[in-house]
Q: 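I'd like to ask some things about the structure below.
FYI, side chains are in, hydrogens and waters are out, and symmetry mates aren't considered; it's all heavy atoms of this structure.
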Amino acid sequence: MRDTLVVAGWVLTAHVALFHLITLLLVLAGARRVWRNRHWRGVEGHDETFASPLTPAVSILVPAHDEEAGILDTLSAALGQKYPALEVVLVDDGSTDRTFELVAERYALRQVTPRPTADLPVDGEILSVHRATTGDPLLVIRKTSVGRRSDALNAALNHARHPLVCMVDADSLLETEALLQVSRPFVEDPDDVVAAGGVIRAANGALTDRGTMLEPRLSRRWVVRVQVLEYLRSFLLGRTGWADAQALLIISGAFGLFRRDVVLEVGGMDPLSLAEDAELVVTIQEHLRRNRRPHRVVFVPQTVCWTEVPESWQVLGRQRKRWSHGLGQLLWKHRRMIGNPRYGPIGLLALPFFLLFELLGPVVELVGVAAVLSSLALGLVPPAVAGAVLALAIALGVLLSATAIAVEELTYHRYGRGRDLLALMGTAVVEHLWFRWAHSWYRLCGLVAALTRRTPVWTAMPRVGFSVDRAPAERLVPVGS
Amino acid sequence: MTAVPGPVLLTSTAVTGLVVLLLLSVGGAHLARRRRELRDVARRAELTPLVYTLLDGEQTASSLADAPAVLDDVVLHLLPQLRGNDRQVLRDLLLARGVIDRAAEQLSARAPWRRGRAAMLLGATGSTRYTPDLVTLLEDRSSDVRSAATRALGKAGDVAAVPYLLASVSSARPVPSGIVGMALLDLGTAAIPTLRTALESGAAPARALSAGLLGLHGDLPAVAALTAAVDDAVAPTEVRLAAAAALGRIGAPQAADVLARVTVLATDAALRTTAAEALGRIGDPDSVPALAAGMTAADLRVRTACADALASIVPEGRERLRLLGASAGPAAPVARAALDAVSLDSPRSLAGAR
């Protein structure tokens, strides 16, 4: 018993140390890339991309279910993109609120004959298709909901007409140049680039006006603040690091750009996956690697999409359980890729990391902590030893967050107010007192759901919409411009 | 696990120290940045009118030679937006301030971003003096620098760079075709003769790129070579696709027969789709039978492209669509949808249908 507890304690220590070490390496690699990109600022050629006839047209796909709180802002941001040729395909996925009515009124929708361009299987019934008569390139598909975002996206893919498709959540605001920035790799390397992702940031608490982000501000809620920090670590730096290692596994469903022909080639979105965004990226890479076709999945850290994150522990818990469940599904489905050199850095680095640290991490952490507490209670470990190890784990975690904050401030510095920066620094410390453990618990529940093959359930997140600041015209200068 | 291990304590202390240092640096950097931004805004507001007085001929370049460094940013921002004498005046100012000479030296700097930024700056000046240096950078070990050099060659406007740019698409250290394409478009119509040659005798990537660019230029003399490329069953698909799209952009009715044949008989669905789209752009009523035949294709993309093409041939194509829409079979819904769409097309969605 004594030996088991001591071993469990050391396993936890080693796991935590290794996880932080690897994540720190990723964050440093991401920071290096972000820092290097900083030197090129101003000469990226965005104006040339905007003016170039070689820039491919984009279909922005927006699946929406009960999104009346923010749908008009999301559409304003999507339709207001600085981009030479685009269309927006909104799928009203069985909304029970006024989502469709609001859009129909604003854009004077008119019903048209469906004009599919692909025939991906869709489980929900397509009820009607509408187009805007206001001059906006907006197509709206009404369908019955089967409770899966992937089904709505497949319906949108079937009606998209352009060579690139950009998947955006219905509670997200794209910055004016976001599409131009994220499409740049496709313009520059049209043969090889198959997918590109951008940075997702939390919009909660920020000031917006009709889909335009006026001033990013940090929410007063701790549950939002810890997510802001988490997004900084994982989106800004972690994914940049993975992309540099040619092992990017996830492009967020909130904002990702894909080559439409490749998405159709792999059969669109997996209808049963709870992590359909990661699932799509892994499937594409598996397919192209198996067929020995050159390809690149890239990450564009300067591109920003602002999204609404959960504002309550309950909703956050549901979201994280779903992510963990989805990750379990994904790793099981692509288990042959794990550790397989045929799939390059994805098989050798990314998938093993996600298996050991993201999926199984909560098991090790929670079992390890229980072992340490038991050891303490039984007097097997002196409190000083447990305290020192815990302090090291927390210090390593805070170091990660502090690095992310430092890189953010030295490169993009989106948070102009000093107090927001101070609040972020404080969050870096306090998140380890409770968020980390609650997060592990949610992930463990998701893992159990995946292991017991529970029926995947996609639950919609309650929306509060964006903070509105009906600002005078002179203040309407979007950030990032 | 019974005694506090020394390394754990030591590491904890070191990590904590590092965290404190980082957070203090962040605070310091935040304050310094705010001050610097305010100062730069003030300086820009002060210097920008001086640049305009220089352009108006009320000042000389030498009078601004010792102005603060932020003036260079103002000038470099304005430079790509100007042409002719105004551009020359700003170039002289940069020369007088030593900016151009410093950039030329930086072309061999160790840091890739220095080489890249220097190349971009020299390209923005519109001078052909540095073309050989920029061509050398097309083989740089950094892909970012190769891309920057490519863009710079396009901005510099030296048509002598065209063969090098085309070759860079398929060199050992290739430059992505999109960047080369944009640079070649920047060079304008002067690049067309070399593009025509590359279409017939270049490597496959250069042929495809040349075909696409000739189409964007609307180059009528290239129609014969483009038609031959589409008709060449053993040519690489990328070349045939680009040539078919180019013929559509040019709107060459003499290519309609070949495009119609490809629409009906080719095995590659993407090629059939592109050929049908080209026929729609050309708008030749003689293509209607081929497009109607294409609407029986098994591939939905081909059917849709044929329907859209028919919808853009007025009135013959739309008449045929109405007949097809009233009939039974897989063509009917596609025909009805295409007709519905043209009755509602907005200017922006048409612009996006490339």
Side-chain angles (χ1 to χ4, degrees), chain A residues 6 9-10 36 39-40 43 45 48-49 52-54 56-57 84-87 110 112-119 131-133 135-137 161-162 186-192 261 375 380-382 384-385 388-389 391-392 395-396 398-399 402-403 405-406 409-410 413 418 421-422 425 428, chain B residues 1-5 8-9 11-12 15-16 18-19 22-23 25-27 29-31 33-34 76-77 80 111-114 116-117 120 144 147-148 151 176-179 181-182 185-186 205 212 216 238 270 300-301 304 333-334 336-341 344 346-349 351-354:
Chain A
V6 171
W10 279 116
R36 275 202 321 215
H39 293 306
W40 293 90
V43 292
E48 287 87 341
T49 306
S52 172
L54 298 172
L86 63 86
E87 66 169 357
R110 184 192 129 178
V112 294
T113 311
R115 198 179 173 207
T117 52
D119 44 13
R131 291 184 76 187
T133 57
D136 296 285
R161 306 191 64 77
H162 294 323
F186 291 89
V187 179
E188 295 184 344
D189 192 3
D191 303 324
D192 289 352
D261 60 334
S375 305
L380 300 175
V381 174
V385 175
V389 173
L392 177 61
L396 283 170
V398 177
L399 177 64
T403 309
I405 295 170
E409 177 54 32
L410 295 174
H413 41 79
L421 210 56
L422 278 175
M425 292 176 187
Chain B
M1 211 175 181
T2 50
V4 181
V8 172
L9 273 181
T11 316
S12 296
V15 170
T16 308
L18 202 54
V19 167
L22 261 175
L23 295 181
S25 314
V26 167
H30 182 79
L31 293 175
R33 183 175 56 78
R34 293 298 292 266
L76 288 170
H77 177 70
W113 67 270
R114 287 188 194 279
R117 285 199 85 104
M120 293 295 287
D144 288 334
S147 300
R151 286 201 195 93
S177 60
I179 298 177
M182 283 196 274
L185 283 173
D186 279 342
L216 287 169
E238 62 183 304
L300 179 61
R301 285 174 297 168
T304 307
V334 182
R336 285 196 294 272
L339 279 171
D340 201 9
L344 195 69
S346 61
R348 194 172 173 189
S349 61
R354 54 174 65 127

Q: Indicate yes or no: at least one non-hydrogen side-chain atom of B:D340 is less than 4.5 angstrom from one of A:R131.
A: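 SC-SC contact between B:D340 and A:R131 ruled out.
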Q: Quick check for you: among A:L392, A:D119, A:T49, which has the greatest number of heavy-atom pairs under 4.5 Å with chain B?
A: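 Highest number of heavy-atom pairs under 4.5 Å: A:L392.
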Q: Please classify the contact between A:L421 and chain B as side chain, backbone, both or neither, with a heavy-atom cut-off of under 4.5 Å.
A: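 Looking at A:L421, just its side chain touches chain B.
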Q: Below 4.5 Å, heavy-atom pairs only: which of B:L23, B:T11, B:L18 has the largest tally toward chain A?
A: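 Highest number of heavy-atom pairs under 4.5 Å: B:L23.
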Q: Hey, which of B:L31, B:L76, B:D144 has the most heavy atom pairs under 4.5 Å with chain A?
A: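 The residue among B:L31, B:L76, B:D144 with the greatest pair count is B:D144.
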Q: Identify which part of A:T403 has an atom lying under 4.5 Å from any heavy atom of chain B, answering side chain, backbone, both or neither.
A: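 The answer is both parts of A:T403.
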Q: Tell me every residue that passes ring-ring contact (aromatic ring centres under 6.0 Å, His included) with B:W113, counting only those two or more places apart in sequence or in another chain.
A: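 Residues passing ring-ring contact (aromatic ring centres under 6.0 Å, His included) with B:W113: A:H39.
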Q: Just to verify, what does A:E409 make a side-chain hydrogen bond (donor to acceptor under 3.5 Å, both in side chains) with, not counting sequence neighbours?
A: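 For A:E409 the side-chain hydrogen bond (donor to acceptor under 3.5 Å, both in side chains) partners, ignoring immediate neighbours, are B:H30, B:R33.
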Q: Considering non-hydrogen atoms only, spot the tightest contact between A:A402 and B:V19 and give its length.
A: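 It is CB-CG1, 4.4 Å.
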Q: What part of A:L410 is in contact with chain B, defined as an atom under 4.5 angstrom from a non-hydrogen atom: side chain, backbone, both or neither?
A: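 When you check distances to chain B, only side chain atoms of A:L410 fall under 4.5 Å.
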Q: Could you tell me which portion of B:A148 (side chain, backbone, both or neither) has an atom closer than 4.5 angstrom to a non-hydrogen atom of chain A?
A: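 B:A148 touches chain A through side-chain heavy atoms alone.
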Q: Rounded to the nearest 0.5 Å, what's the gap from CG on A:L399 to CG on B:L22? Could you check?
A: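 It is 6.5 Å, given to the nearest 0.5 Å.
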Q: Between B:L185 and A:P53, what is the shortest heavy-atom contact and its length?
A: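 For B:L185 versus A:P53, the nearest heavy atoms are CD1-CG, 3.6 Å.
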Q: How many angstroms lie between atom OG of B:S25 and atom CD1 of A:I405, to the nearest 0.5 angstrom?
A: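 So the gap between those two atoms works out to 12.0 Å.
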Q: If every non-hydrogen atom of B:M182 is compared with every non-hydrogen atom of A:S52, which pair is closest and at what distance?
A: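 Between these two residues, the closest heavy atoms are CG-OG, 3.5 Å.
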Q: Heavy atoms only, distances under 4.5 angstrom: which of B:E238, B:R34, B:R117 has the most pairs with chain A? Name it, please.
A: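 Maximum pair count with chain A is reached by B:R117.
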Q: Which atom pair, heavy atoms only, marks the closest approach of A:P114 to B:A337?
A: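 Here A:P114 and B:A337 meet closest at O-CB, 3.1 Å.
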Q: Return the minimal non-hydrogen interatomic distance between B:S12 and A:A388, and the atom names on each side.
A: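 That would be OG-O, 3.8 Å.
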Q: For A:A406 and B:V26, work out which heavy atoms get closest and say how close.
A: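 Smallest heavy-atom distance, with atoms named: CA-CG2, 3.4 Å.
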